[in-house]
Structure formats: C-alpha cells, structure tokens
Amino acid sequence: VECWKQGDEIQLHLVNYASNHQDVVIYFDDVVEMEIYSPDDDHVQNVKTDELAFELNVYTILKYKG
C-alpha cells in the first residue's frame, strides 16, 4: 500500500503480489467520494462510501479528497 497526497487529493495505491486475489476491506473515518482505477475494469468507477470491500487482483488506485 502506498499513499500519495498532493494538496487535498489523496491517492491510495494497492498492489497484490500474490498469485491469487486478495479480499480487501478499507474503512474511512467519514463518507468519501472516490474514483477507482483498476486494470480489471474498462472504466473508472465512482463510489461514495465510508467502507469499501473488493477483490484485489493486480492493483487498484483509489483517488479522493481528504
């Protein structure tokens, strides 16, 4: 996991080095609106939540204001 911050934008980079997917759950202090980028999806997902659960295959980037 890497966390990048520039101004009020935060990017959370999650990378899976295992041969199988990883079940991931991320809890946020407050509800956040984020964009989710992944090679498993052809398009950017827009999500608004305080808890995010998903299967991490290769990598995923979460981009949100913090």
Side-chain angles (χ1 to χ4, degrees):
V1 175
E2 285 188 22
C3 185
W4 298 3
K5 185 171 183 178
Q6 184 174 16
D8 66 345
E9 181 179 278
I10 297 172
Q11 291 186 19
L12 199 57
H13 295 236
L14 297 100
V15 180
N16 179 18
Y17 293 102
S19 57
N20 297 325
H21 78 270
Q22 300 294 312
D23 294 321
V24 176
V25 180
I26 301 173
Y27 301 97
F28 298 91
D29 291 335
D30 295 307
V31 173
V32 294
E33 287 188 58
M34 69 183 79
E35 296 174 342
I36 302 174
Y37 301 85
S38 174
D40 301 321
D41 252 329
D42 291 341
H43 64 284
V44 176
Q45 294 182 36
N46 293 295
V47 176
K48 186 175 182 178
T49 188
D50 63 349
E51 179 181 324
L52 184 64
F54 62 97
E55 288 184 356
L56 178 62
N57 289 311
V58 179
Y59 70 87
T60 296
I61 299 171
L62 310 177
K63 189 174 174 181
Y64 59 96
K65 303 285 183 187

Checklist entry - Are Ile61 and Ile36 close enough that some pair of their side-chain heavy atoms sits under 4.5 Å apart? => result no
Rounded to the nearest 0.5 angstrom, the NZ-CG distance for Lys63 and Leu12 is 13.5 Å
Donor + acceptor pair across side chains of Glu2, Trp4 (<3.5 Å):
yes
NZ of Lys65 to CE of Met34, rounded to nearest 0.5 Å, is 13.5 Å
| query | Quick one: does Leu56's side chain get under 4.5 Å of Val15's, heavy atoms only? | reply | no
In this structure, CG of Leu52 is separated from CG of Leu14 (nearest 0.5 Å) by 9.0 Å
Note: Ala18 and Gln22 closest approach over all heavy atoms is CB-NE2, 3.4 Å
Do Leu62 and Val1 share a hydrophobic cluster, counting only Ile, Leu, Val, Met, Phe, Trp and Tyr and linking them when any side-chain heavy atoms are less than 4.5 Å apart?
yes
Pairwise side-chain contact, Thr60 with Tyr37, heavy-atom cut-off 4.5 Å (strictly under): no
By ring pair (Phe, Tyr, Trp, His ring centres under 6.0 Å), Tyr64 pairs with (sequence neighbours left out) Phe28
query: Any side-chain heavy atom of Val32 sitting closer than 4.5 Å to one from Ile10?
result: no
Can you give each donor-acceptor pair under 3.5 Å made by side-chain atoms of residues 39-49, sequence neighbours left out, with the distance rounded to 0.1 Å?
unit_1	atom_1	unit_2	atom_2	d
Asp40	OD2	Ser38	OG	3.4
Asp40	OD2	Asn57	ND2	3.1
Asp41	OD2	Gln45	NE2	2.2
Thr49	OG1	Glu51	N	3.1
Thr49	OG1	Glu51	O	2.8

TODO: Without swapping roles, check the side chain of Asn16 against the backbone of Val58 for a donor-acceptor pair under 3.5 Å.
DONE: no
